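For reference, the structure discussed in these notes is given below.
Scope of the values below: all heavy atoms of this structure, side chains included, with no hydrogens, waters or symmetry mates. Predicted, not measured: the structure shown is a model, and the values here were computed from it.
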Amino acid sequence: MILVGIDVSKDKHDCFIMNSDGEVLFNSFAILNNLDGFENLYQKILSVETDFSKIKVGLEATGHYSYNLLGFLLDKGFPTYVINPLLSNLYRKSLSLRQTKTDKIDSRMIAYMLVSDVDIKPYSVTSYHNEELKSLTRYRFAKVQERAKLKTSISRLVNILFPELENIFSSIHLATVYALLQEFPGASHIASAHLTRLSNLLKSASKGRFGKSTAIELKNAAKHSIASSIPAKSLEIRHTIRLIDELNSEIAEIESEIQKIMDELNSSILTIPGIGYDMGAMILAEIGDLSKFNSPDKILAYAGLSPTTYQSGYFDSSHSKMEKRGSKYLRYALFNATKYVCMWDPVFKEYLAKKRAEGKHYYVALSHAAKKLVRLIYALEKSHMPYNPKAI
């Protein structure tokens, strides 16, 4: 067996090639992060072995730096292993107590990991192409987070420019309120607005939900408002609303692309009540190739939802906390999906109520429901069967 270890970096990749007997075939050498460099590595591997079933290539998961090289290796047909940096770091520490880390040592260490009994599985072409869905869901996540910050700014600015507005509408983040503030960014503007113009704006923005009566209420509140009249803040709130509108359009476009991929996948996860395209896609994208996990407990560990274990001598802790290691995106998606599943599905709703009745805090009970949901998703994706509440 030929083992190829690659330490990935931005401009170059350090490589090491050995056989399973420990014989060094190519000592540490660097290749440039370009096609010539990739071909150089390819030819060196072929010079020692042409049977791809006898070759293992390993590299650390280093985000976008490894993506192009990984695609090249998979296209060539090499069995390729993507190693979690946390696992490789632990392996490195197990070999020596010295704090030694260089690119050359890392490439050699990765090659040794491939020949050891470390539990790593080959990266599939399916996993590589799953990166598109992961990119979209993470991009959406970033945009949603960005929008949430802007909404916090809107709340702050409304407290300055027209604090009484919160008592008139159920939420200040309604499209109607944004249209109102875009046209009249403050209590002083609303107080001096013509009633007919204000009424027409509300009626148009709310599609008939609000009209003249709301306009009168707004004008009365604005006339007696404690608000400050600060032109700079009025300008800021108008610009912030414009940014939120742009983000809404971008998020809608991203969600449309996610939906196309999910429709092609035809995943059973969408048959679970409470899981829509966005959270379902994020869960599937972060899990990736299901064949990497031989049990749902491995997915729980990857998401950081498995409990920590602490035992020393006669002491065995009975108050374990979640590890909160692994994919924060998967953990986020699972918790958010679980909230809605527990609202819409009777089985999960009853399960959550049962855990709450046992005296568990809401979030602790929700974590139990999330673990139950992971086991369900694992079973559905393995069987390709739709959700059947009577079967669980």
- For Glu166 and Asn159, indicate whether the former's side chain and the latter's backbone hold a donor-acceptor pair under 3.5 Å. no

- Task: Might you confirm whether atom CZ of Arg197 has over 12 heavy atoms from other residues, nucleotides or ligands at distances under 6.0 Å?
- Result: no

- Neighbour count >12 (heavy atoms, 6.0 Å) for atom OH, Tyr340: no

- Task: Could you tell me whether the side chain of Leu376 reaches within less than 4.5 Å of the side chain of Phe348, counting heavy atoms only?
- Result: yes

- Check whether any side-chain N or O of Ser367 sits under 3.5 Å from a backbone N or O of Val364 as a donor-acceptor pair, and report yes or no. yes

- N/O donor-acceptor pair under 3.5 Å between Asn220 side chain and Lys223 backbone: no

- Query: Is any side-chain heavy atom of Leu366 closer than 4.5 Å to a side-chain heavy atom of Lys355?
  - Reply: no

- Message: Would Phe293 and Tyr302 count as a ring-ring contact (aromatic ring centres under 6.0 Å, His included) here? Give the steps.
- Response: CA-CA 9 Å; Phe293 305 96; Tyr302 176 62; 5.7 Å; yes

- Item | Under-4.0 Å salt bridge between Glu146 and Lys149 | no

- Query: Side chains of Val347 and Tyr387: does their closest heavy-atom pair fall under 4.5 Å?
  - Reply: yes

- All heavy atoms of Pro185 vs all of Ser234, minimum pair found to be O-OG, 2.8 Å

- Task: Say whether Ile251 and Ile258 are linked into one hydrophobic cluster, either directly or through other cluster members, by side-chain heavy-atom distances under 4.5 angstrom.
- Result: no

- Item | Donor-acceptor under 3.5 Å (Ser206 side chain, Leu202 main chain) | yes

- Message: Taking the ring of Tyr332 and the ring of Phe141, is the distance between their centroids below 6.0 Å?
- Response: yes

- Minimum side-chain heavy-atom gap Val24-Ile17 below 4.5 Å: no

- Message: Less than 4.5 Å apart, side chain to side chain, heavy atoms only: is that true for Arg331 and Lys328?
- Response: yes

- Item | Test side-chain contact (heavy atoms from CB on, under 4.5 Å) applied to His13 and Leu41, step by step | CA-CA 10 Å; His13 310 306; Leu41 173 63; over 6 Å; no

- Message: I need the minimum non-hydrogen distance between Leu73 and Ile6, along with the two atoms involved.
- Response: CD1-CD1, 4.2 Å

- So, the side chain of Asp21 versus the backbone of Glu23: is there a donor-acceptor pair under 3.5 Å, distance only? no

- Query: Is it true that a side-chain atom of Ser256 and a backbone atom of Ala252 form a donor plus acceptor pair closer than 3.5 Å?
  - Reply: no

- Does the Asn266 side chain pair with the main chain of Met262, one donor and one acceptor, at a distance under 3.5 Å? no

- Is it true that Arg138 and Glu286 make a salt bridge, defined as a side-chain N closer than 4.0 Å to a carboxylate O? yes

- Query: Should Glu236 and Arg156 count as an ion pair when the cut-off is N to O under 4.0 Å?
  - Reply: yes

- Does any donor atom in the side chain of Asp263 or Tyr277 lie under 3.5 Å from an acceptor atom in the other side chain? yes

- Is there a side-chain contact between Leu25 and Glu49 (heavy atoms, below 4.5 Å)? no

- Message: As a quick check of understanding, evaluate side-chain contact (heavy atoms from CB on, under 4.5 Å) for Lys349 and Asp345, giving each step before the final call.
- Response: CA-CA 6 Å; Lys349 188 174 185 178; Asp345 182 71; over 6 Å; no

- Message: Whether Asp14 and Lys12 form a salt bridge (side-chain N of Lys/Arg under 4.0 Å from carboxylate O of Asp/Glu) is what I want to check.
- Response: yes

- Item | Within 6.0 angstrom of Met1 CE, more than 12 heavy atoms from elsewhere | yes

- Message: In terms of relative ring orientation, are His361 and Tyr363 parallel, tilted or perpendicular, with 30° and 60° separating the classes?
- Response: parallel

- Query: Backbone N or O of Asn200 within a donor-acceptor pair of the Ser204 side chain at under 3.5 Å?
  - Reply: no

- Item | Reference residue Phe169; test ring pair (Phe, Tyr, Trp, His ring centres under 6.0 Å); the match among Phe162, Phe210, Tyr178 | Phe210

- Message: How close do Ala333 and Ile283 get, counting heavy atoms only, and between which atoms?
- Response: CB-CG1, 3.7 Å

- Over 12 non-hydrogen atoms of neighbours within 6.0 angstrom of NZ in Lys54: no

- Note on the structure: Scanning both residues in full, the closest heavy-atom pair of Leu174 with Ser171 reads CG-O, 3.3 Å

- Task: Given ring-ring contact (aromatic ring centres under 6.0 Å, His included), test Phe78 with Tyr42 step by step and report yes or no.
- Result: CA-CA 10 Å; Phe78 288 123; Tyr42 178 61; 5.8 Å; yes

- Item | N/O donor-acceptor pair under 3.5 Å between Ser228 side chain and Ile230 backbone | no

- Can you tell me how far the CD1 atom of Ile168 sits from the CD1 atom of Ile190, to the nearest 0.5 Å? 7.5 Å

- Message: Are the side chains of Val57 and Leu3 in contact, using a 4.5 Å heavy-atom criterion?
- Response: no

- Residues Lys354, Glu358: salt bridge by 4.0 Å N-O rule: yes

- Message: Is it true that, when you exclude Glu39 itself, more than 12 heavy atoms of the residues, nucleotides or ligands shown sit nearer than 6.0 Å to its CD?
- Response: yes

- Query: Under a 4.5 Å cut-off applied to non-hydrogen side-chain atoms, are Leu380 and Ile269 in contact?
  - Reply: no

- Message: I'd like to know if the side chain of Ser295 pairs up with that of Asp297 as donor and acceptor (distance under 3.5 Å, no hydrogens or angles considered).
- Response: no

- Message: If you count every heavy atom of other residues, nucleotides or ligands that lies below 6.0 Å from Lys203 atom NZ, does the total exceed 12?
- Response: no

- Message: Between Lys143 and Glu250, does the salt bridge (charged side-chain N to carboxylate O under 4.0 Å, His left out) criterion hold? Intermediate values first, please.
- Response: CA-CA 8 Å; Lys143 290 291 182 181; Glu250 291 171 2; 3.0 Å; yes

- Query: Is it true that atom CD of Glu246 has more than 12 heavy atoms of other residues, nucleotides or ligands lying nearer than 6.0 Å?
  - Reply: yes

- Derivation of the side-chain contact (heavy atoms from CB on, under 4.5 Å) call for Ile272 and Ile377: CA-CA 9 Å; Ile272 303 172; Ile377 292 169; 4.0 Å; yes

- Message: Quick check on Lys360: does its NZ atom have over 12 non-hydrogen neighbours (other residues, nucleotides or ligands) under 6.0 Å away?
- Response: yes

- Task: Begin with the C-alpha distance, continue with both residues' side-chain angles, and end with the deciding distance and a verdict on side-chain contact (heavy atoms from CB on, under 4.5 Å) for Ile241 and Ile154.
- Result: CA-CA 8 Å; Ile241 290 170; Ile154 292 290; 3.5 Å; yes

- Task: Report yes or no: do Asn33 and Tyr65 form a side-chain donor-acceptor pair below 3.5 Å?
- Result: no

- Does a side chain donor of either Glu381 or Ser267 reach within less than 3.5 Å of an acceptor in the other side chain? yes

